[in-house]
Protein chains: 2
Amino acid sequence: MTKQVKREDIIRAAMDLIAAQGFHGAPMSMIAEKAGVGVGTIYRYFENRDVLIKSIYKEIEERLVAYLTKKYPSEEPVRICFFHIAKGLVTYFTQHPMDFKYFEQFHYSPFGEAHRRNRIFKSAGQPDIFMELYERGLAQQVIKNLPPTVFFNLAFAPIVWSLRDHILEMVAIDDSLAELLVTSCWDSVKI
Amino acid sequence: MTKQVKREDIIRAAMDLIAAQGFHGAPMSMIAEKAGVGVGTIYRYFENRDVLIKSIYKEIEERLVAYLTKKYPSEEPVRICFFHIAKGLVTYFTQHPMDFKYFEQFHYSPFGEAHRRNRIFKSAGQPDIFMELYERGLAQQVIKNLPPTVFFNLAFAPIVWSLRDHILEMVAIDDSLAELLVTSCWDSVKI
DNA sequence: ATATTCTGAATGAATGTTCATTCCTAATAC
DNA sequence: GTATTAGGAATGAACATTCATTCAGAATAT
């Protein structure tokens, strides 16, 4: 078993456990057992628990940003770009519920609190499609004149909450409901 | 010092600590110290930690519901009722940021998970102004045909997120911005 | 009025448990 | 044979909860 594979096993195990049970339901001993390694082994791959947790977050974030950025129609109107991102979020997280749950656990924890100051998707190197969308929308006067924070909240908070409800099986978001949801978000910010 | 006063001291101390630092930053010993009582004393007023935490939640919830229900214009159109609730939320939580922070901590924790399920599935109990609003809106065809969950998410998620940002001082929500925010939420659910 | 006994609220040291982390030994690679 | 990696028991820190003890004030007796 190569080093890389063992590292992946640890990440996979930790992610699944934390997504399913929260940080409390995922002690190092349990992660080790699920990954099929000794507890001490984890510390050969990650300096400590915090580093492990942040590494997992980074991996998920990279996958998500890659997904949203791929085929991003940057030349199209703001509205089209918004729909691309919003529907992309729904699709990605519907297909990767564990990623969503992990994201949520992370975000509402001391880790996320620290992370929140810098905006979510502002990873170095990546062009910030969110901010670009906001600025272009304002400049072209297709969206209301709102502070960026409030714009993002109107545009994405209902989607995130609905994804959570969908993943918790409290509502079923099919294609047509997703369309309606995303359209409604757009309705709230468009002029 | 009367019993009631001491109980209030404990609740106040626990609430402030948990709101500010999260559940982790509020061990019983610290709550006791801040309340000016012995650790054991807390257990004379609350069976255990969980009961204390849930009691605090209930007190806040009662205050909030009382605030929203007072002067509720139940005879007015759906739109007016929505604005009453939405603006009431903004006003109440702007004036009681600790209540908001506690609510948030509670909601994104194992306590909240359980609480949420109950709340949604058995909406029984007191006259639920939220559910009443949804049903009346649907019947009168003034709101889109959406599952209740998604309706609530569209209507309130951006408000909650924006309140959080306001309380964290990442955006300043004054009266006119609140008006714009609430109107935008209504725009997203109205027909 | 004063002394004595009783009561139960208040306390915080002690207990038991849960974990992250360490570190020594075993296994494996080179 | 030596160096590197894996393993998991041991360690110690953090915490919720308990419970034997204290003590102020109420009740009762003298």
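Residue numbers begin at 1 in each chain, while the letters A, B, ... track the order of the sequences.
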Just how far, in rounded Å, is P of C:dT11 from CD1 of B:I31? 15 Å
Taking only the side-chain nitrogens and oxygens of B:K6, find out if one of them lies under 4.0 Å from OP1 or OP2 of C:dA10. yes
Is the terminal nitrogen or CZ of A:R49 (NZ for Lys, CZ for Arg) located under 6.0 angstrom from the six-membered ring centre of A:F46 and within 45° of that ring's axis? no
I need the full list of salt bridge (charged side-chain N to carboxylate O under 4.0 Å, His left out) pairs touching residues 171-191 of chain A, with sequence neighbours left out, sorted by first then second residue. A:K87-A:E179, A:D187-A:K190, A:D187-B:K144
Would B:E132 and B:R136 pass as an ion pair if we require N to O under 4.0 Å? yes
Rounded distance in Å - CD (B:E33) to C1' (D:dA16): 17 Å
Grab the CD1-P distance between A:I42 and D:dA9 for me, whole Å please. 15 Å
B:S162 side chain to A:N153 side chain, donor-acceptor N/O pair below 3.5 angstrom: yes
Rounded to whole Å, please give me the gap between CG in B:L17 and P in D:dC15. 12 Å
Please list every donor-acceptor pair under 3.5 Å in which a side-chain atom of residues 67-77 of chain B meets a protein atom from a residue at least two apart or in another chain.
from  : atom 1 : to    : atom 2 : distance (Å)
B:T69 : OG1    : B:V65 : O      : 2.5

Length of the CZ-P vector between A:R7 and D:dT5, whole Å: 15 Å
May I have the distance from A:D9 (atom CG) to D:dA6 (atom P), rounded to whole angstrom? 11 Å
Can you confirm if the aromatic rings of B:Y92 and B:H96 lie within a centre distance of less than 6.0 Å? yes
Walk along nucleotides 13-30 of chain C from 5' to 3' and tag each nucleotide B, S or - by protein heavy-atom contact under 4.0 Å, base first, then sugar-phosphate. ------SSBB--------
